Amino acid sequence: MKMGIVQRLCSSWSNVFRLGNRNSYSSFNKSVDPTNPSCSSSSFLTHGIHVFQCPDAVGIVANLSDCIASRGGNILSADVFVPQNKRVFYSRNVFVFDPVMWPRMQMEEDFLRISKTFNAMRSVIRVPALDPKYKIAILVAQQDGRLSVDITCVISNHYRSPENEVIRFLDMHGVPYHYLRTTAENKREEEILELVQNTDFLVLARSMRILSSFFLRSYGKDIINIHHGLLPSFSGSNPSKQAVDAGVKLIGATSHFVTEGLDAGPIIEQMVERVSHRDNLQSYVQKSENLEKQCLTSAIRSYCELRVLPYEKKNTVVF
């Protein structure tokens with residue numbers, strides 16, 4: 001029996017974001033990034049992630065490195081991006097440290113001091129072992145897909161009885177399911193806002209409802225969408241049929257931030273798969289759904305590991 005979208009989301013979040021233990025380290029190697037579930041730390045060390053965005057200047061890397069080293073920390077991986085002909089600096093450092101020698105509050109003060117020195121637009125710290133997990137809500141439409149991410153709340157316009165397999169699965173994992181019947185005249189956005197007010201970000205799982213500018217402004221946090229197509233090609237409804245009709249040889253999935261423009265937000269992740277004249281609409285949809293699952297998982301993992309930074313108005317930096 002196939003698992004539906006909600007079941008797959010619930011069952012694999014812990015596998016995506018769990019941090020293990022690691023006894024040895026290789027610096028500046030993304031493959032051994034400790035935010036990867038296969039990496040680990042010793043019993044007295046833990047991992048921190050710091051992302052930084054500021055006007056480009058001399059000495060930023062030196063100051064960040066010295067800040068970590070002066071507290072007994074060690075950088076495991078470092079990514080820097082300075083766009084050509086633009087005076088802006090982006091960085092992401094993953095480091096190991098002893099929380100007794102460098103308490104979390106002191107860490108905030110240290111990085112804040114650097115932020116003020118360089119007039120930073122963004123300075124975010126995350127210590128996965130110490131900080132609370134991200135709280136998210138999933139907005140699901142009637143269509144079923146197969147995605148892999150854990151959820152704390154499901155909001156859907158599709159009614160399911162208490163005996164439904166999905167509802168039983170959610171009950172078993174303590175995940176609330178909220179059915180809100182919506183119409184073109186009543187999108188029930190105020191009720192949705194009430195349900196998601198304590199979340200860190202939202203995920204749209206094949207939700208076909210278009211969120212209004214009122215909702216986006218009121219929520220005020222990031223919303224990640226998964227689109228079963230390669231944007232901007234084949235946007236809107238039924239992109240798989242559009243692709244079949246166009247005779248494409250590559251299909252894809254796109255995960256992006258939600259903005260007021262339909263399917264026009266900055267792209268976080270895209271994946272593709274080759275198709276041929278032997279594929280029909282059913283096989284297109286099957287391949288597309290598999291890509292959706294992988295693409296959304298990758299996008300949310302990147303977001304929670306502080307790999308995603310806004311770049312200009314319609315772009316992203318993904319370390």
Side-chain angles (χ1 to χ4, degrees), residues 9-10 12-22 25 30 32-53 64-65 67-79 90-116 120-138 148-153 173-175 196-203 219-224 257 268 297-310 317-319:
L9 295 182
C10 288
S12 48
W13 176 276
S14 59
N15 293 329
V16 174
F17 300 113
R18 183 182 296 121
L19 293 179
N21 290 323
R22 182 175 180 82
Y25 308 98
K30 186 175 181 180
V32 296
D33 190 329
T35 58
N36 185 296
S38 64
C39 301
S40 69
S41 66
S42 64
S43 59
F44 59 93
L45 299 179
T46 192
H47 301 99
I49 311 169
H50 178 247
V51 295
F52 200 61
Q53 177 185 353
L64 292 172
S65 300
C67 174
I68 295 170
S70 66
R71 297 295 184 180
N74 184 37
I75 295 177
L76 302 180
S77 67
D79 286 290
Y90 298 86
S91 73
R92 177 182 184 270
N93 287 319
V94 179
F95 53 94
V96 64
F97 71 101
D98 186 339
V100 175
M101 294 179 58
W102 199 9
R104 187 69 173 78
M105 187 172 296
Q106 182 64 55
M107 182 183 295
E108 293 278 356
E109 295 176 1
D110 291 344
F111 282 118
L112 178 60
R113 185 164 53 251
I114 297 177
S115 298
K116 292 179 177 178
M121 295 85 83
R122 182 181 302 264
S123 177
V124 182
I125 308 165
R126 184 153 182 82
V127 181
L130 302 179
D131 296 346
K133 290 183 178 180
Y134 287 104
K135 296 180 180 179
I136 72 168
I138 305 293
S148 299
V149 65
D150 192 18
I151 52 182
T152 59
C153 173
H173 290 272
V175 179
V196 303
Q197 61 179 337
N198 294 322
T199 56
D200 296 303
F201 65 97
L202 300 182
V203 174
Y219 182 64
K221 303 171 190 175
D222 290 324
I223 303 174
I224 297 176
F257 288 114
I268 305 171
T297 299
S298 178
I300 295 177
R301 181 191 296 116
S302 293
Y303 185 88
C304 290
E305 292 178 355
L306 304 185
R307 295 184 181 276
V308 184
L309 290 170
V317 173
V318 182
F319 286 122

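Computed from a predicted model, the values in this text were never measured in an experiment. The analysis underlying the following values was restricted to heavy atoms, covering all of them including side chains, and did not include hydrogens, waters or symmetry mates. Each residue takes its place number in the sequence, starting with 1.
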Output the distance between atom CD1 (Ile268) and atom CD1 (Ile224), rounded to the nearest 0.5 Å.
4.0 Å
Do Arg104 and Glu108 sit within salt-bridge range, that is, some charged N less than 4.0 Å from a carboxylate O?
yes
Inter-residue atom distance Asp110.CG - Arg71.CZ, 0.5 Å rounding:
4.0 Å
Partner of Ile138 under side-chain contact (heavy atoms from CB on, under 4.5 Å), picked from Val196, Thr199, Val203, Leu202, is Val203
Contacts of type side chain to side chain donor-acceptor pair (under 3.5 Å), residue Tyr90, not counting sequence neighbours:
none
Arg122 versus Pro310, closest heavy-atom pair with distance
NH2-CG, 3.1 Å
Side-chain touch Ile68/Phe111, heavy atoms, less than 4.5 angstrom:
yes
Ignoring hydrogens and angles, tell me if any N or O in the side chain of Asp200 forms a donor-acceptor pair with the backbone of Lys135 under 3.5 Å.
yes
Less than 4.5 Å apart, any side-chain heavy atom of His47 and any of Leu76?
yes
Are the side chains of Met101 and Phe44 in contact, using a 4.5 Å heavy-atom criterion?
no
Less than 4.5 Å apart, any side-chain heavy atom of Phe257 and any of Tyr303?
yes
Which residues pass the side chain to side chain donor-acceptor pair (under 3.5 Å) test with Asp98, sequence neighbours left out?
none
Just by modelled atom types, is the Leu309 backbone N or O under 3.5 Å from a matching donor or acceptor in the Arg92 side chain?
no
Straight-line distance of Asp131 CG to Ile125 CD1, nearest 0.5 Å
9.0 Å
Do the side chains of Cys67 and Ile114 get nearer than 4.5 Å, heavy atoms only?
yes
Mind telling me whether Trp102 and Phe95 have parallel, tilted or perpendicular rings, with 30° and 60° as the class edges?
tilted
Do Asn93 and Phe52 pass the side-chain contact (heavy atoms from CB on, under 4.5 Å) test, and can you show the C-alpha distance, the side-chain angles, and the key distance before you say yes or no?
CA-CA 9 Å; Asn93 287 319; Phe52 200 61; over 6 Å; no
Could you work out, with side chain to side chain donor-acceptor pair (under 3.5 Å) as the rule, every residue matching Ser65, not counting sequence neighbours?
none
Ignoring hydrogens, what is the shortest heavy-atom contact between Tyr219 and Asp222? Give both atom names and the distance.
CE2-O, 3.7 Å
Measure the spacing between OG1 of Thr297 and CZ of Arg301 and express it to the nearest 0.5 Å.
6.5 Å
Side chains of Met107 and Val127, heavy atoms from C-beta outward: is any pair under 4.5 Å?
yes
